[in-house]
Amino acid sequence: MVAGGSFASSPVAALAAVGTTRITALTGVTVIDVATGHRAKHQTVLISGDRIIGVGRNLPVPRGATELDLTGKFVIPGLADMHVHSLGDEHVSPPLYLANGLTTVREMAAPDPVLYEWRDRIDAGTLLGPRMVVASQIIDGDPTLWDPNLLHVLVVNDEASARAAVRQVKAEGADFVKVYSRLGPTAYRAILDEARRNGLTVHGHGPDQVSIQQVSNGGQRSIEHIHALALSVSSREAEVRRMQRAITIATGDYNGWFRQVHPIEWIAANSFSRSRAADVFGLLRRNRTRVTPTLTIHNVLDRPDYTSLDPATSKYLSADSIGTYEYVLANLYSANRPPEEIARQQQMWEYHQRFVRELFAHDVPILAGTDTGTPWMVPGFALHQELELLVGAGATPRQALYAATVEPARFLGMSDDLGSVAPRKIADLVVLDADPLTDIRNTRRIHTVVTRGRVITPQARRRMLAGVEAAVQAPPAGRALAAGGCCGGH
């Protein structure tokens with residue numbers, strides 16, 4: 001909640017407690033409380049170290065403080081993209097996230113241990129980037145959807161291998177376990193149990209052979225994408241579930257999986273049941289099972305022939321990343337699509353938008369996430385597109401912002417530190433030139449970013465973006481990540 005005040009009982013006491021620590025004052029701003037939509041005008045935000053120590057009108061700026069006159073600007077909490085697969089080396093994704101106001105990201109797979117290194121270096125202050133919460137390697141069933149030449153995953157087919165995989169990713173440094181679509185029920189249950197034993201949470205896909213009710217009641221913390229969830233609210237759920245369980249693929253045949261899933265999704269979409277939706281969405285709400293709709297990737301999956309790379313941001317992608325996107329689009333998404341499927345998937349895009357509208361209407365807790373690392377997304381910039389798609393689907397601008405600020409903080413167990421502009425909170429902030437509650441597109445109008453108290457000025461943002469542009473044009477050097485998403489629903 002936005003309020004005047006400070007760490008201590010008064011601003012004077014708070015400033016005394018700070019001692020000689022450098023203080024930064026953001027003055028003349030309108031502070032937006034995303035939880036309520038309240039706008040507090042003519043505010044001063046005082047920052048000391050990595051914390052906000054005061055927010056209020058007519059708050060005195062202490063002598064020696066660095067004052068930034070931001071009259072007419074709007075301040076929101078730092079944004080979170082809760083489903084990313086970072087691209088490139090440390091000179092690409094981390095600065096792109098920050099330049100776009102993302103101060104937290106949830107990395108949804110760790111095919112390379114360099115991601116754990118980034119996370120730890122950012123926490124230690126030796127690498128400038130957003131707070132990173134990093135998944136395990138993907139754990140999938142046998143056969144897996146993933147071609148091992150594209151992405152290495154841990155394949156499990158029984159209880160013993162599932163438990164061993166959890167222990168392995170714990171030792172590797174994962175913050176949570178990432179589960180995938182082709183896990184069998186026995187292995188899936190073993191993963192949930194072993195994760196609890198090892199102090200890890202489980203996030204990821206709803207497996208084809210496990211109902212959404214079992215996923216939620218079993219304790220999986222988040223469900224990524226709409227694929228599995230949409231089947232659970234069909235009046236023909238028993239039938240579509242039988243069809244889904246009957247899917248067979250060879251290792252790495254993601255395209256074959258799509259070709260078999262799309263007709264099933266079509267049946268489910270045309271048999272949407274409001275009563276079943278009320279039951280399923282009510283369960284998710286009560287269990288606090290978050291849903292990350294990732295409309296950005298559904299837009300590409302449903303309409304690969306009608307989407308393309310934004311020329312305004314393509315300069316921030318390497319030729320290798322663009323080439324990977326083109327390969328994935330041609331071979332995993334578009335290959336073997338008969339004309340009737342193309343026509344149906346156009347309509348499925350409209351259904352997916354209506355589906356997200358229903359999620360918001362039933363107060364299902366939503367996380368804003370993009371599946372960055374899949375075509376045609378550029379790290380950081382993609383989140384702003386996701387926010388616009390959420391609003392286009394029926395969310396209010398405040399609800400979309402909530403999904404990128406307050407709800408991620410709660411999901412990560414950091415609501416005491418993140419999600420609002422208030423005393424005692426970590427100083428993760430975005431200063432905007434215009435009000436995002438009036439028009440969600442205004443989240444793109446970034447003036448200044450503050451990450452853990454460090455101010456990134458407009459000039460510094462321009463230098464960061466120019467640095468990324470230079471980095472992606474340079475010859476590859478050292479260890480770098482491939483286009484990590486590579487597929488729909490990564």
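Because only heavy atoms are used, hydrogens play no part in the values below, and waters and symmetry mates are left out as well, while side chains stay in.
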Worked verdict on Ile426 versus Thr103 for side chain to side chain contact (heavy atoms under 4.5 Å, CB included):
CA-CA 11 Å; Ile426 293 174; Thr103 55; over 6 Å; no

Please determine if Arg167 and Glu194 form a salt bridge, counting it only when a charged side-chain N lies under 4.0 Å from a carboxylate O.
yes

Nearest heavy-atom neighbours spanning Leu390 and Pro293
CD2-CG, 4.5 Å

May I ask you to test the His227-Leu301 pair for a side-chain heavy-atom distance under 4.5 Å?
yes

Kindly confirm or rule out a cation-pi arrangement of Arg39 over Phe74, judged by NZ or CZ under 6.0 Å from the six-membered ring centre and within 45° of its axis?
no

Side chain of Asn100, backbone of Leu102: donor and acceptor closer than 3.5 Å?
no

So with a 6.0 Å cut-off around CZ of Arg285, is the heavy-atom count from everything else above 12?
yes

Exactly one of His203, His83, His352 should register a ring pair (Phe, Tyr, Trp, His ring centres under 6.0 Å) with His225. Which one does?
His83

Donor-acceptor pair, Thr324 side chain versus Asp320 backbone, under 3.5 Å?
yes

Would you say the side chain of His384 lies within less than 4.5 Å of the side chain of Leu79, judging by non-hydrogen atoms?
yes

Ser48 side chain to Ile23 backbone, donor-acceptor under 3.5 Å
no

Determine whether Leu465 and Leu96 satisfy the following criterion, side chain to side chain contact (heavy atoms under 4.5 Å, CB included), listing intermediate values before the conclusion.
CA-CA 7 Å; Leu465 291 170; Leu96 282 179; 3.8 Å; yes

Should Leu429 and Ile47 count as side-chain neighbours, where that means a heavy-atom distance under 4.5 Å?
yes

For His362 and Phe281, take the angle between the two ring planes, folded into 0 to 90°, and tell me which bin it lands in: parallel under 30, tilted 30 to 60, perpendicular over 60.
perpendicular

Side chains of Tyr325 and Leu87, heavy atoms from C-beta outward: is any pair under 4.5 Å?
yes

To the nearest 0.5 Å, how far apart are CZ in Arg398 and OG1 in Thr405?
9.0 Å

Any donor-acceptor pair under 3.5 Å from Arg221 side chain to Phe176 backbone:
no

Non-neighbouring partners of Asp81 that pass salt bridge (charged side-chain N to carboxylate O under 4.0 Å, His left out), sequence neighbours left out
none

Could you list all the ring pair (Phe, Tyr, Trp, His ring centres under 6.0 Å) pairs where at least one residue sits in residues 424-463, not counting sequence neighbours?
none

Gln353 side chain to Gly392 main-chain N or O, any donor-acceptor pair under 3.5 Å?
no

Is it the case that the side chains of Arg131 and Thr104 hold a donor-acceptor pair, with the cut-off being a distance below 3.5 Å and no angle test?
yes

Applying salt bridge (charged side-chain N to carboxylate O under 4.0 Å, His left out), can you list everything that pairs with Asp310, at least two apart in sequence or on another chain?
none

Any donor-acceptor N/O pair, Lys73 side chain to Thr27 backbone, under 3.5 Å
no

Considering all heavy atoms of both residues, which atom of Val92 and which atom of Ala471 are nearest to each other, and what is their separation?
CG2-CB, 4.4 Å

Give, for atom OH of Tyr254 and atom CG of Leu151, the distance between the pair rounded to the nearest 0.5 Å.
10.0 Å

Gap separating the CZ atom of Arg106 from the CZ atom of Phe411, nearest 0.5 angstrom:
4.5 Å

Which heavy atom of Ser334 sits nearest a heavy atom of Pro304, and at what distance?
OG-CB, 3.5 Å

Going by atom types only, do Glu386 and Thr370 share a side-chain donor-acceptor pair under 3.5 Å?
no

Hey, does Pro458 have a side-chain heavy atom less than 4.5 Å from the side chain of Thr448?
yes

Does the side chain to side chain contact (heavy atoms under 4.5 Å, CB included) test come out yes or no for Leu317 and Val472, once each step is laid out?
CA-CA 6 Å; Leu317 292 178; Val472 299; 5.8 Å; no

When you check the side-chain N and O atoms of Asp371 and Thr294, is any donor under 3.5 Å from an acceptor?
no

His152: which residues meet the side-chain contact (heavy atoms from CB on, under 4.5 Å) condition with it, sequence neighbours left out?
Gln137, Leu154

Assess whether atom CZ of Arg121 is packed by more than 12 heavy atoms of other residues, nucleotides or ligands within 6.0 Å.
yes

Given 3.5 Å as the limit, does a donor-acceptor pair link the side chain of Asp112 with the main chain of Val114, or not?
yes

Within a strict 4.5 Å, meaning less than it, do heavy atoms of the Gln385 and Arg444 side chains meet?
yes

Given Arg452, which partner from the list Asp428, Asp50, Asp123 fulfils the side chain to side chain donor-acceptor pair (under 3.5 Å) test?
Asp123

Would you say Asp435 and Asn442 are linked by a side-chain donor-acceptor pair, where the criterion is simply a distance under 3.5 Å?
no

Can you tell me how far the CH2 atom of Trp146 sits from the CG atom of Asp140, to the nearest 0.5 Å?
10.0 Å

Going by the ring pair (Phe, Tyr, Trp, His ring centres under 6.0 Å) test, name the single residue among Trp376, Tyr97, Tyr316 that passes it with Phe381.
Tyr316

Spatial distance of atom NE2 (His298) from atom CD1 (Ile226) [nearest 0.5 Å]
4.0 Å

Set of side-chain contact (heavy atoms from CB on, under 4.5 Å) partners for Asp120, sequence neighbours left out:
none

If we ignore hydrogens and angles and just use 3.5 Å, is the side chain of Thr372 paired with the main-chain N or O of Pro379 as donor and acceptor?
no

Are the side chain of Gln43 and the backbone of Lys41 linked by a donor-acceptor contact shorter than 3.5 Å?
yes

Evaluate the criterion side chain to side chain contact (heavy atoms under 4.5 Å, CB included) for residue pair Ile212 and Val233; output intermediate values, then yes/no.
CA-CA 10 Å; Ile212 290 299; Val233 296; over 6 Å; no

Listed partners of Pro408 passing side-chain contact (heavy atoms from CB on, under 4.5 Å), at least two apart:
Ala80, Met82, Leu367

Looking at Glu407 and Ile366, would you say the former's side chain and the latter's main chain have a donor-acceptor pair under 3.5 Å?
no

In this structure, OH of Tyr351 is separated from CD of Glu358 (nearest 0.5 Å) by 8.5 Å

